[in-house]
Amino acid sequence: MPRQLAQLGQTGLNSLGKLGRSLLVLIAITGGVPALLFRPKLIIRQLYIVGVLSVVIITVSGIFVGMVLGLQGFYVLSQFGAAESLGMMVAASLVRELGPVVTALLFAGRAGSALTAEIGLMRATEQFAGLEMMAVDPVRRVLSSRFVAGLMSMPILAAIFSAVGVLGGYLVGVALLGVDDGAFWSQMQAGIDLQRDLVNGLIKSLVFGFVCTWIALFEGHDAIPTSEGVSRATTRTVVHSALAVLGLDFVLTALMFRN
Amino acid sequence: MIKQHKLWQSKSEVKAQITDRLAAILPGEILVNIKDLCFKRGSRVIFDKANLVIRRGQVTAIMGPSGTGKTTLLKLIGGQLQPDSGSIEVAGFNVHQLSHSNLYFLRTRMGMLFQSGALLTDLNVFENVAYPLREHTKLPESMIRKLVLIKLEAVGLRGAKDLQPSELSGGMARRVAMARAMALDPTLILYDEPFTGQDPISMGVLMQMIRKLNDASRLTSLVVSHDVQETAAIADQIYLIYGGKVMGQGNPKQLLDSDSPWIRQFMDGLPDGPVKFHYPAPDLQQDLFTHA
(Lines give C-alpha, C1' and ligand atoms only; values in the text may rest on other atoms or scores of the structure.)
Protein backbone atom coordinates (compact mmCIF):
# COMPACT_ATOMS: atom_id res chain seq x y z
CA MET A 1 0.00 0.00 0.00
CA PRO A 2 2.72 2.55 0.86
CA ARG A 3 4.34 1.71 -2.49
CA GLN A 4 1.14 2.42 -4.39
CA LEU A 5 0.74 5.67 -2.50
CA ALA A 6 4.31 6.63 -3.36
CA GLN A 7 3.65 5.82 -7.02
CA LEU A 8 0.46 7.86 -6.94
CA GLY A 9 2.35 10.76 -5.39
CA GLN A 10 5.10 10.45 -7.99
CA THR A 11 2.54 10.46 -10.81
CA GLY A 12 0.96 13.58 -9.34
CA LEU A 13 4.35 15.28 -9.03
CA ASN A 14 5.24 14.33 -12.61
CA SER A 15 1.94 15.74 -13.88
CA LEU A 16 2.44 18.98 -11.95
CA GLY A 17 6.00 19.22 -13.26
CA LYS A 18 4.75 18.75 -16.80
CA LEU A 19 2.07 21.39 -16.35
CA GLY A 20 4.69 23.79 -15.02
CA ARG A 21 7.02 23.09 -17.95
CA SER A 22 4.20 23.57 -20.43
CA LEU A 23 3.37 26.95 -18.88
CA LEU A 24 7.02 28.00 -19.10
CA VAL A 25 7.10 26.98 -22.77
CA LEU A 26 3.89 28.93 -23.38
CA ILE A 27 5.38 32.03 -21.75
CA ALA A 28 8.52 31.69 -23.90
CA ILE A 29 6.42 31.20 -27.02
CA THR A 30 4.29 34.28 -26.39
CA GLY A 31 7.48 36.22 -25.64
CA GLY A 32 8.60 35.54 -29.19
CA VAL A 33 5.34 36.68 -30.83
CA PRO A 34 6.06 40.46 -30.97
CA ALA A 35 9.28 39.86 -32.94
CA LEU A 36 7.23 38.02 -35.58
CA LEU A 37 5.53 41.27 -36.54
CA PHE A 38 8.77 42.26 -38.25
CA ARG A 39 9.15 38.87 -39.94
CA PRO A 40 5.73 38.05 -41.41
CA LYS A 41 7.27 35.55 -43.85
CA LEU A 42 7.81 33.13 -40.97
CA ILE A 43 4.09 33.18 -40.14
CA ILE A 44 3.00 32.96 -43.78
CA ARG A 45 5.10 29.84 -44.31
CA GLN A 46 3.62 28.19 -41.23
CA LEU A 47 0.10 29.29 -42.17
CA TYR A 48 0.57 27.36 -45.38
CA ILE A 49 1.87 24.24 -43.62
CA VAL A 50 -0.54 24.26 -40.68
CA GLY A 51 -3.60 25.84 -42.30
CA VAL A 52 -3.67 25.55 -46.08
CA LEU A 53 -2.53 21.93 -46.12
CA SER A 54 -5.39 21.09 -43.71
CA VAL A 55 -8.08 22.54 -45.98
CA VAL A 56 -8.63 19.32 -47.97
CA ILE A 57 -9.32 17.10 -44.96
CA ILE A 58 -11.49 19.82 -43.39
CA THR A 59 -13.51 20.34 -46.58
CA VAL A 60 -14.08 16.65 -47.27
CA SER A 61 -14.99 15.95 -43.64
CA GLY A 62 -17.23 19.01 -43.52
CA ILE A 63 -19.25 18.00 -46.55
CA PHE A 64 -19.82 14.47 -45.24
CA VAL A 65 -20.74 15.65 -41.74
CA GLY A 66 -23.20 18.13 -43.32
CA MET A 67 -24.70 15.38 -45.49
CA VAL A 68 -25.19 13.09 -42.49
CA LEU A 69 -26.74 15.95 -40.53
CA GLY A 70 -29.08 16.64 -43.46
CA LEU A 71 -30.10 13.00 -43.65
CA GLN A 72 -30.61 12.41 -39.93
CA GLY A 73 -32.18 15.84 -39.44
CA PHE A 74 -34.68 15.21 -42.23
CA TYR A 75 -35.76 11.83 -40.75
CA VAL A 76 -36.30 13.30 -37.28
CA LEU A 77 -37.86 16.61 -38.32
CA SER A 78 -40.22 15.06 -40.88
CA GLN A 79 -41.78 12.99 -38.05
CA PHE A 80 -42.99 16.28 -36.58
CA GLY A 81 -43.80 17.88 -39.93
CA ALA A 82 -40.94 20.33 -39.49
CA ALA A 83 -38.68 19.29 -42.37
CA GLU A 84 -38.50 22.95 -43.51
CA SER A 85 -36.49 23.69 -40.38
CA LEU A 86 -33.71 21.45 -41.66
CA GLY A 87 -31.57 24.40 -42.77
CA MET A 88 -31.63 25.97 -39.31
CA MET A 89 -30.89 22.67 -37.60
CA VAL A 90 -27.94 21.87 -39.84
CA ALA A 91 -26.48 25.38 -39.56
CA ALA A 92 -26.96 25.66 -35.79
CA SER A 93 -25.40 22.22 -35.18
CA LEU A 94 -22.42 23.09 -37.34
CA VAL A 95 -21.78 26.66 -36.27
CA ARG A 96 -22.29 26.10 -32.54
CA GLU A 97 -20.79 22.66 -32.02
CA LEU A 98 -19.65 20.43 -34.81
CA GLY A 99 -17.75 23.07 -36.76
CA PRO A 100 -15.34 24.08 -33.97
CA VAL A 101 -15.18 20.65 -32.29
CA VAL A 102 -14.71 18.38 -35.31
CA THR A 103 -12.34 20.88 -36.92
CA ALA A 104 -10.26 20.94 -33.72
CA LEU A 105 -10.17 17.13 -33.59
CA LEU A 106 -9.12 16.93 -37.24
CA PHE A 107 -6.65 19.78 -36.73
CA ALA A 108 -5.06 17.94 -33.79
CA GLY A 109 -4.84 14.76 -35.86
CA ARG A 110 -3.35 16.35 -38.95
CA ALA A 111 -1.52 19.55 -38.07
CA GLY A 112 -0.98 18.95 -34.33
CA SER A 113 0.63 15.56 -34.74
CA ALA A 114 2.78 16.91 -37.59
CA LEU A 115 3.93 19.82 -35.41
CA THR A 116 4.85 17.49 -32.54
CA ALA A 117 6.73 15.11 -34.82
CA GLU A 118 8.57 17.98 -36.52
CA ILE A 119 9.65 19.64 -33.27
CA GLY A 120 10.53 16.29 -31.68
CA LEU A 121 12.64 15.28 -34.67
CA MET A 122 14.34 18.67 -34.73
CA ARG A 123 15.42 17.98 -31.16
CA ALA A 124 16.43 14.41 -31.94
CA THR A 125 18.61 15.56 -34.85
CA GLU A 126 20.26 18.30 -32.75
CA GLN A 127 18.67 21.10 -34.78
CA PHE A 128 17.52 22.81 -31.60
CA ALA A 129 21.00 22.50 -30.09
CA GLY A 130 22.41 23.83 -33.38
CA LEU A 131 20.14 26.88 -33.21
CA GLU A 132 21.16 27.51 -29.61
CA MET A 133 24.82 27.41 -30.58
CA MET A 134 24.07 29.84 -33.42
CA ALA A 135 22.74 32.17 -30.69
CA VAL A 136 19.17 31.74 -31.89
CA ASP A 137 16.53 30.92 -29.27
CA PRO A 138 14.79 27.85 -30.74
CA VAL A 139 11.61 28.29 -28.71
CA ARG A 140 11.08 31.82 -29.97
CA ARG A 141 12.35 31.17 -33.47
CA VAL A 142 10.67 27.85 -34.19
CA LEU A 143 7.68 27.56 -31.87
CA SER A 144 6.27 31.11 -31.84
CA SER A 145 5.58 31.26 -35.59
CA ARG A 146 3.88 27.85 -35.47
CA PHE A 147 1.80 28.92 -32.49
CA VAL A 148 0.53 32.06 -34.23
CA ALA A 149 -0.19 30.09 -37.40
CA GLY A 150 -2.20 27.50 -35.45
CA LEU A 151 -4.14 30.20 -33.65
CA MET A 152 -4.98 31.98 -36.92
CA SER A 153 -5.77 28.83 -38.88
CA MET A 154 -8.30 27.23 -36.57
CA PRO A 155 -11.14 29.80 -36.84
CA ILE A 156 -10.74 29.93 -40.63
CA LEU A 157 -10.74 26.14 -40.90
CA ALA A 158 -13.79 25.92 -38.61
CA ALA A 159 -15.59 28.49 -40.78
CA ILE A 160 -14.76 26.49 -43.92
CA PHE A 161 -15.96 23.30 -42.21
CA SER A 162 -19.27 24.89 -41.22
CA ALA A 163 -19.85 26.52 -44.63
CA VAL A 164 -19.11 23.31 -46.52
CA GLY A 165 -21.21 21.34 -44.03
CA VAL A 166 -24.22 23.58 -44.71
CA LEU A 167 -23.75 22.90 -48.43
CA GLY A 168 -23.63 19.16 -47.69
CA GLY A 169 -26.87 19.44 -45.71
CA TYR A 170 -28.41 21.43 -48.58
CA LEU A 171 -27.37 18.78 -51.12
CA VAL A 172 -29.01 15.98 -49.17
CA GLY A 173 -32.01 17.90 -47.79
CA VAL A 174 -32.99 19.96 -50.84
CA ALA A 175 -31.51 18.21 -53.87
CA LEU A 176 -32.09 14.59 -52.74
CA LEU A 177 -34.93 14.60 -50.20
CA GLY A 178 -37.00 17.44 -51.62
CA VAL A 179 -37.05 20.00 -48.80
CA ASP A 180 -38.15 23.38 -50.10
CA ASP A 181 -35.18 25.47 -51.24
CA GLY A 182 -36.53 28.80 -49.96
CA ALA A 183 -37.59 27.34 -46.61
CA PHE A 184 -34.13 25.79 -46.11
CA TRP A 185 -32.34 29.11 -46.45
CA SER A 186 -34.95 31.40 -44.87
CA GLN A 187 -35.31 29.23 -41.75
CA MET A 188 -31.54 29.23 -41.43
CA GLN A 189 -31.38 33.00 -41.82
CA ALA A 190 -34.10 33.52 -39.23
CA GLY A 191 -32.78 31.02 -36.70
CA ILE A 192 -29.06 31.77 -36.66
CA ASP A 193 -28.01 34.68 -34.49
CA LEU A 194 -24.75 36.54 -35.07
CA GLN A 195 -23.75 36.93 -31.42
CA ARG A 196 -25.16 33.73 -29.97
CA ASP A 197 -24.14 31.36 -32.74
CA LEU A 198 -21.46 32.77 -34.99
CA VAL A 199 -19.41 34.75 -32.45
CA ASN A 200 -19.60 31.99 -29.85
CA GLY A 201 -18.55 29.46 -32.48
CA LEU A 202 -15.64 31.71 -33.39
CA ILE A 203 -14.59 32.01 -29.73
CA LYS A 204 -14.74 28.24 -29.35
CA SER A 205 -12.56 27.67 -32.40
CA LEU A 206 -10.02 30.23 -31.14
CA VAL A 207 -9.85 28.52 -27.74
CA PHE A 208 -9.49 25.11 -29.35
CA GLY A 209 -6.83 26.41 -31.71
CA PHE A 210 -4.89 27.85 -28.77
CA VAL A 211 -5.08 24.63 -26.75
CA CYS A 212 -4.39 22.20 -29.62
CA THR A 213 -1.37 24.18 -30.88
CA TRP A 214 0.01 24.65 -27.37
CA ILE A 215 -0.29 20.92 -26.63
CA ALA A 216 1.29 19.99 -29.97
CA LEU A 217 4.24 22.35 -29.58
CA PHE A 218 4.85 21.48 -25.94
CA GLU A 219 4.72 17.73 -26.55
CA GLY A 220 7.23 18.10 -29.39
CA HIS A 221 9.50 20.25 -27.25
CA ASP A 222 9.20 17.92 -24.25
CA ALA A 223 9.57 14.68 -26.26
CA ILE A 224 12.41 12.31 -25.44
CA PRO A 225 14.64 12.81 -28.50
CA THR A 226 14.44 9.24 -29.79
CA SER A 227 12.18 7.63 -32.38
CA GLU A 228 10.12 6.01 -29.63
CA GLY A 229 9.97 9.24 -27.65
CA VAL A 230 8.73 11.23 -30.66
CA SER A 231 6.19 8.53 -31.49
CA ARG A 232 4.79 8.62 -27.95
CA ALA A 233 4.71 12.40 -27.93
CA THR A 234 2.75 12.41 -31.19
CA THR A 235 0.20 10.01 -29.72
CA ARG A 236 -0.07 12.13 -26.56
CA THR A 237 -0.72 15.22 -28.68
CA VAL A 238 -3.73 13.64 -30.39
CA VAL A 239 -5.14 12.09 -27.18
CA HIS A 240 -4.62 15.13 -24.94
CA SER A 241 -5.92 17.53 -27.60
CA ALA A 242 -9.06 15.45 -28.16
CA LEU A 243 -9.77 15.24 -24.44
CA ALA A 244 -9.05 18.93 -23.90
CA VAL A 245 -11.28 19.96 -26.82
CA LEU A 246 -14.22 17.81 -25.70
CA GLY A 247 -13.89 18.87 -22.08
CA LEU A 248 -13.53 22.55 -22.92
CA ASP A 249 -16.44 22.33 -25.35
CA PHE A 250 -18.74 21.32 -22.52
CA VAL A 251 -17.49 24.14 -20.30
CA LEU A 252 -17.73 26.76 -23.05
CA THR A 253 -21.18 25.57 -24.14
CA ALA A 254 -22.42 25.75 -20.55
CA LEU A 255 -21.07 29.29 -20.23
CA MET A 256 -22.20 30.55 -23.65
CA PHE A 257 -25.67 29.11 -24.06
CA ARG A 258 -27.18 29.80 -20.63
CA ASN A 259 -30.63 31.33 -20.77
CA MET B 1 38.49 36.33 -14.29
CA ILE B 2 36.78 39.44 -15.51
CA LYS B 3 34.18 40.68 -13.04
CA GLN B 4 30.76 40.72 -14.60
CA HIS B 5 28.38 41.08 -11.69
CA LYS B 6 28.46 44.80 -11.17
CA LEU B 7 24.89 45.96 -10.94
CA TRP B 8 25.60 49.13 -12.86
CA GLN B 9 27.14 47.26 -15.77
CA SER B 10 24.69 47.14 -18.65
CA LYS B 11 24.38 44.20 -21.02
CA SER B 12 25.82 46.24 -23.87
CA GLU B 13 28.88 47.06 -21.76
CA VAL B 14 29.48 43.36 -21.15
CA LYS B 15 29.09 42.68 -24.88
CA ALA B 16 31.62 45.39 -25.67
CA GLN B 17 33.98 43.86 -23.10
CA ILE B 18 33.57 40.41 -24.64
CA THR B 19 34.38 41.80 -28.09
CA ASP B 20 37.41 43.73 -26.82
CA ARG B 21 38.73 40.83 -24.77
CA LEU B 22 38.40 38.35 -27.64
CA ALA B 23 40.26 40.75 -29.92
CA ALA B 24 43.00 41.32 -27.34
CA ILE B 25 43.92 37.66 -26.79
CA LEU B 26 47.12 36.95 -28.70
CA PRO B 27 48.04 33.62 -30.34
CA GLY B 28 49.26 31.20 -27.69
CA GLU B 29 47.39 32.95 -24.86
CA ILE B 30 44.59 31.19 -23.01
CA LEU B 31 41.20 31.50 -24.70
CA VAL B 32 39.25 28.84 -22.80
CA ASN B 33 40.15 28.00 -19.22
CA ILE B 34 38.40 25.08 -17.55
CA LYS B 35 39.03 24.89 -13.81
CA ASP B 36 38.08 22.05 -11.43
CA LEU B 37 35.13 21.08 -13.61
CA CYS B 38 32.69 18.67 -11.96
CA PHE B 39 29.64 17.37 -13.77
CA LYS B 40 27.33 14.43 -13.09
CA ARG B 41 24.48 12.82 -14.98
CA GLY B 42 22.34 11.27 -12.27
CA SER B 43 24.78 9.35 -10.10
CA ARG B 44 27.31 8.93 -12.93
CA VAL B 45 30.33 11.18 -12.65
CA ILE B 46 31.30 12.62 -16.05
CA PHE B 47 33.92 15.15 -14.91
CA ASP B 48 35.67 15.11 -11.56
CA LYS B 49 37.78 18.24 -11.04
CA ALA B 50 39.01 18.33 -14.63
CA ASN B 51 41.36 21.14 -15.67
CA LEU B 52 41.98 22.05 -19.31
CA VAL B 53 43.35 25.03 -21.18
CA ILE B 54 42.70 25.92 -24.82
CA ARG B 55 45.07 28.40 -26.37
CA ARG B 56 44.33 30.94 -29.06
CA GLY B 57 45.27 29.92 -32.60
CA GLN B 58 45.84 26.24 -31.78
CA VAL B 59 44.02 23.08 -32.75
CA THR B 60 43.33 21.39 -29.42
CA ALA B 61 42.01 17.84 -29.39
CA ILE B 62 39.98 16.21 -26.64
CA MET B 63 40.26 12.45 -26.94
CA GLY B 64 39.11 9.50 -24.95
CA PRO B 65 37.02 6.34 -25.16
CA SER B 66 33.31 6.53 -26.00
CA GLY B 67 31.11 7.77 -23.18
CA THR B 68 33.80 9.75 -21.37
CA GLY B 69 31.97 13.06 -21.78
CA LYS B 70 33.75 14.59 -24.77
CA THR B 71 30.54 15.92 -26.35
CA THR B 72 29.32 16.93 -22.89
CA LEU B 73 32.44 19.07 -22.55
CA LEU B 74 31.57 20.95 -25.75
CA LYS B 75 28.04 21.54 -24.47
CA LEU B 76 29.46 22.81 -21.19
CA ILE B 77 31.78 25.21 -23.02
CA GLY B 78 28.86 26.42 -25.16
CA GLY B 79 26.75 27.01 -22.06
CA GLN B 80 24.13 24.43 -23.05
CA LEU B 81 24.82 22.47 -19.86
CA GLN B 82 25.50 23.79 -16.37
CA PRO B 83 28.44 22.31 -14.40
CA ASP B 84 27.88 21.09 -10.83
CA SER B 85 30.97 22.98 -9.73
CA GLY B 86 34.11 24.52 -11.17
CA SER B 87 34.20 27.11 -13.90
CA ILE B 88 34.57 27.47 -17.65
CA GLU B 89 35.91 30.79 -18.80
CA VAL B 90 35.97 31.94 -22.39
CA ALA B 91 38.11 35.05 -22.87
CA GLY B 92 37.99 35.50 -19.11
CA PHE B 93 34.19 35.40 -18.89
CA ASN B 94 32.58 32.64 -16.88
CA VAL B 95 30.19 31.16 -19.44
CA HIS B 96 27.71 30.04 -16.79
CA GLN B 97 27.48 33.39 -15.05
CA LEU B 98 26.66 35.39 -18.16
CA SER B 99 23.10 36.59 -18.64
CA HIS B 100 21.00 34.89 -21.34
CA SER B 101 21.55 37.79 -23.71
CA ASN B 102 25.32 37.97 -23.12
CA LEU B 103 25.68 34.20 -23.42
CA TYR B 104 23.92 34.37 -26.79
CA PHE B 105 26.24 37.19 -27.79
CA LEU B 106 29.27 35.10 -26.82
CA ARG B 107 27.88 32.24 -28.89
CA THR B 108 27.93 34.44 -31.97
CA ARG B 109 31.73 34.35 -31.50
CA MET B 110 31.71 30.53 -31.34
CA GLY B 111 30.89 28.06 -34.07
CA MET B 112 30.00 24.47 -33.45
CA LEU B 113 30.04 21.53 -35.82
CA PHE B 114 27.68 18.86 -34.51
CA GLN B 115 28.28 15.17 -35.06
CA SER B 116 25.09 14.92 -37.13
CA GLY B 117 25.65 18.26 -38.86
CA ALA B 118 22.40 19.57 -37.31
CA LEU B 119 21.44 21.26 -40.57
CA LEU B 120 17.95 22.76 -40.65
CA THR B 121 16.06 20.26 -42.77
CA ASP B 122 13.52 22.76 -44.12
CA LEU B 123 16.25 24.95 -45.65
CA ASN B 124 18.56 24.18 -48.55
CA VAL B 125 22.36 24.31 -48.34
CA PHE B 126 22.58 28.01 -49.25
CA GLU B 127 19.91 29.03 -46.75
CA ASN B 128 21.50 26.94 -44.00
CA VAL B 129 24.79 28.78 -44.37
CA ALA B 130 23.01 32.12 -44.76
CA TYR B 131 20.93 31.48 -41.64
CA PRO B 132 23.29 32.93 -38.99
CA LEU B 133 24.01 35.92 -41.23
CA ARG B 134 20.30 36.65 -41.64
CA GLU B 135 19.68 36.24 -37.90
CA HIS B 136 22.56 38.32 -36.59
CA THR B 137 23.44 40.88 -39.24
CA LYS B 138 21.60 43.42 -41.32
CA LEU B 139 23.71 42.83 -44.41
CA PRO B 140 22.06 43.36 -47.79
CA GLU B 141 21.02 40.27 -49.71
CA SER B 142 23.78 40.72 -52.30
CA MET B 143 26.46 40.73 -49.57
CA ILE B 144 24.93 37.68 -47.85
CA ARG B 145 25.00 35.85 -51.17
CA LYS B 146 28.67 36.63 -51.69
CA LEU B 147 29.64 35.63 -48.15
CA VAL B 148 27.71 32.35 -48.37
CA LEU B 149 29.31 31.49 -51.71
CA ILE B 150 32.78 32.21 -50.27
CA LYS B 151 32.12 29.96 -47.27
CA LEU B 152 30.74 27.20 -49.48
CA GLU B 153 33.72 27.52 -51.82
CA ALA B 154 36.03 27.07 -48.82
CA VAL B 155 34.42 23.70 -48.06
CA GLY B 156 34.19 22.74 -51.74
CA LEU B 157 30.40 22.77 -51.94
CA ARG B 158 29.54 25.94 -53.86
CA GLY B 159 28.03 23.75 -56.56
CA ALA B 160 25.72 22.09 -54.02
CA LYS B 161 24.14 25.32 -52.83
CA ASP B 162 20.66 24.42 -54.08
CA LEU B 163 20.58 20.90 -52.64
CA GLN B 164 18.42 19.97 -49.68
CA PRO B 165 20.09 18.44 -46.58
CA SER B 166 18.41 15.11 -47.37
CA GLU B 167 20.31 15.01 -50.70
CA LEU B 168 23.74 15.31 -49.02
CA SER B 169 26.05 12.51 -47.92
CA GLY B 170 27.24 12.48 -44.30
CA GLY B 171 30.57 14.05 -45.24
CA MET B 172 28.93 16.75 -47.34
CA ALA B 173 26.48 17.56 -44.55
CA ARG B 174 29.38 18.10 -42.15
CA ARG B 175 31.16 20.33 -44.64
CA VAL B 176 28.01 22.43 -45.02
CA ALA B 177 27.73 22.54 -41.24
CA MET B 178 31.35 23.67 -41.14
CA ALA B 179 30.60 26.48 -43.60
CA ARG B 180 27.63 27.49 -41.45
CA ALA B 181 29.72 27.39 -38.27
CA MET B 182 32.21 29.75 -39.94
CA ALA B 183 29.59 32.08 -41.37
CA LEU B 184 30.01 34.72 -38.68
CA ASP B 185 33.82 34.36 -38.63
CA PRO B 186 33.93 33.05 -35.05
CA THR B 187 36.95 33.15 -32.78
CA LEU B 188 36.45 29.63 -31.45
CA ILE B 189 35.13 26.65 -33.36
CA LEU B 190 34.08 23.42 -31.69
CA TYR B 191 34.09 20.16 -33.66
CA ASP B 192 32.15 17.20 -32.29
CA GLU B 193 33.49 13.92 -33.70
CA PRO B 194 34.14 15.33 -37.17
CA PHE B 195 35.68 12.09 -38.52
CA THR B 196 33.15 9.52 -37.31
CA GLY B 197 31.63 7.45 -40.10
CA GLN B 198 33.60 9.19 -42.87
CA ASP B 199 35.10 7.41 -45.84
CA PRO B 200 38.89 7.83 -46.24
CA ILE B 201 38.57 10.60 -48.84
CA SER B 202 36.09 12.65 -46.81
CA MET B 203 38.17 12.08 -43.69
CA GLY B 204 41.32 13.33 -45.38
CA VAL B 205 39.49 16.37 -46.75
CA LEU B 206 37.97 17.18 -43.36
CA MET B 207 41.33 16.83 -41.61
CA GLN B 208 43.05 19.19 -44.00
CA MET B 209 40.14 21.57 -43.88
CA ILE B 210 40.13 21.85 -40.09
CA ARG B 211 43.85 22.60 -40.04
CA LYS B 212 43.84 24.97 -43.01
CA LEU B 213 40.79 26.90 -41.86
CA ASN B 214 42.26 27.22 -38.39
CA ASP B 215 45.47 28.73 -39.73
CA ALA B 216 44.03 30.76 -42.61
CA SER B 217 41.11 32.27 -40.64
CA ARG B 218 43.09 32.61 -37.39
CA LEU B 219 40.60 30.46 -35.58
CA THR B 220 40.99 28.47 -32.40
CA SER B 221 39.75 24.93 -32.89
CA LEU B 222 38.64 22.38 -30.33
CA VAL B 223 38.25 18.92 -31.84
CA VAL B 224 36.54 16.16 -29.91
CA SER B 225 37.39 12.78 -31.36
CA HIS B 226 38.47 9.22 -30.68
CA ASP B 227 40.20 8.79 -34.02
CA VAL B 228 43.81 8.76 -32.83
CA GLN B 229 45.81 8.96 -36.03
CA GLU B 230 43.65 11.54 -37.76
CA THR B 231 43.44 13.79 -34.74
CA ALA B 232 47.12 13.47 -33.86
CA ALA B 233 47.97 14.53 -37.42
CA ILE B 234 46.32 17.95 -37.09
CA ALA B 235 46.35 18.77 -33.37
CA ASP B 236 48.82 21.06 -31.62
CA GLN B 237 47.74 19.91 -28.19
CA ILE B 238 45.88 16.78 -27.09
CA TYR B 239 44.04 16.06 -23.85
CA LEU B 240 43.16 12.46 -23.07
CA ILE B 241 40.23 12.13 -20.70
CA TYR B 242 38.86 9.08 -18.97
CA GLY B 243 36.84 8.55 -15.79
CA GLY B 244 36.13 12.24 -15.45
CA LYS B 245 39.80 13.21 -15.27
CA VAL B 246 42.52 14.34 -17.65
CA MET B 247 44.71 11.22 -17.94
CA GLY B 248 47.29 12.76 -20.23
CA GLN B 249 48.12 15.88 -22.12
CA GLY B 250 50.77 17.19 -24.46
CA ASN B 251 51.55 17.51 -28.12
CA PRO B 252 50.92 14.45 -30.34
CA LYS B 253 54.56 13.36 -30.25
CA GLN B 254 54.72 13.48 -26.46
CA LEU B 255 51.63 11.33 -26.17
CA LEU B 256 52.71 8.86 -28.85
CA ASP B 257 56.04 8.44 -27.00
CA SER B 258 54.47 8.24 -23.54
CA ASP B 259 55.15 5.22 -21.27
CA SER B 260 51.90 5.54 -19.34
CA PRO B 261 49.98 2.24 -19.76
CA TRP B 262 46.68 4.08 -20.08
CA ILE B 263 47.99 6.44 -22.77
CA ARG B 264 49.71 3.56 -24.57
CA GLN B 265 46.50 1.51 -24.58
CA PHE B 266 44.48 4.38 -26.02
CA MET B 267 47.03 5.63 -28.56
CA ASP B 268 47.81 2.08 -29.79
CA GLY B 269 44.21 0.85 -29.62
CA LEU B 270 45.07 -2.15 -27.43
CA PRO B 271 42.20 -4.35 -26.16
CA ASP B 272 43.90 -5.12 -22.84
CA GLY B 273 45.07 -2.55 -20.36
CA PRO B 274 43.75 -0.25 -17.67
CA VAL B 275 40.54 0.33 -19.68
CA LYS B 276 38.38 -2.80 -19.77
CA PHE B 277 36.55 -3.68 -22.97
CA HIS B 278 33.73 -5.44 -21.10
CA TYR B 279 31.16 -3.61 -19.08
CA PRO B 280 31.27 -4.92 -15.47
CA ALA B 281 29.30 -8.19 -15.31
CA PRO B 282 29.19 -11.43 -13.29
CA ASP B 283 31.23 -14.42 -14.42
CA LEU B 284 30.11 -15.69 -17.85
CA GLN B 285 29.82 -19.38 -16.81
CA GLN B 286 27.88 -18.45 -13.74
CA ASP B 287 25.61 -16.21 -15.82
CA LEU B 288 25.05 -18.91 -18.48
CA PHE B 289 24.44 -21.93 -16.26
CA THR B 290 23.21 -20.74 -12.88
CA HIS B 291 19.94 -19.16 -13.95
CA ALA B 292 17.16 -21.09 -15.63
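Predicted, not measured: the structure shown is a model, and the values here were computed from it. Every chain is numbered from 1, with letters handed out A, B, ... down the list of sequences.
The contact between B/L190 and chain A is made entirely by side chain atoms (from C-beta outward), counting heavy-atom distances below 4.5 Å.
The number of heavy-atom neighbours closer than 6.0 Å to NZ of B/K40, taken from other residues, nucleotides and ligands shown, is 12 or below. By the neighbour-count criterion of 12 heavy atoms within 6.0 Å, atom CE of A/M152 is sparsely surrounded, having that number or fewer from other residues, nucleotides or ligands. Counting heavy atoms of neighbouring residues, nucleotides and ligands inside a 6.0 Å radius, atom CZ of B/R109 exceeds 12 of them. Taking a 6.0 Å sphere around CZ of B/R158, one finds it holds 12 or fewer heavy atoms contributed by other residues, nucleotides or ligands. Taking a 6.0 Å sphere around CG of B/L139, one finds it holds more than 12 heavy atoms contributed by other residues, nucleotides or ligands. The 12-atom threshold is not exceeded at CZ of A/R232, counting heavy atoms of other residues, nucleotides or ligands nearer than 6.0 Å. Under a cut-off of 6.0 angstrom, the local environment of CZ in A/R21 is crowded, with over 12 non-hydrogen atoms contributed by other residues, nucleotides or ligands.
Minimum interatomic distance between A/G130 and B/A118 (heavy atoms only, all atoms of both residues): CA-CB, 4.5 Å. Nearest heavy atoms, A/A135 versus B/T108: CB-CG2, 3.6 Å. Residue B/Y104 comes nearest to A/P138 through the heavy atom pair OH-CD, 4.1 Å, listed as atom of the first residue, atom of the second, then distance.
Screening A/E126, A/E132, A/M133, A/M134 against B/M112 for a side-chain contact (heavy atoms from CB on, under 4.5 Å) leaves a single residue, A/M133.
For the set B/T121, B/L103, B/L113, the count of heavy-atom pairs under 4.5 angstrom toward chain A peaks at B/T121.
Considering only heavy atoms from C-beta on, A/L131 comes within 4.5 Å of B/L120 through its side chain.
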Report the C-alpha separation of A/Q127 and B/L119 in whole Å, then their side-chain angles, then the decisive distance to 0.1 Å, and conclude whether the side chain to side chain contact (heavy atoms under 4.5 Å, CB included) test is met.
CA-CA 6 Å; A/Q127 291 181 55; B/L119 296 177; over 6 Å; no

Assess whether side chain to side chain contact (heavy atoms under 4.5 Å, CB included) is satisfied between B/H100 and A/D137, documenting all intermediate values.
CA-CA 10 Å; B/H100 184 264; A/D137 186 341; 4.2 Å; yes

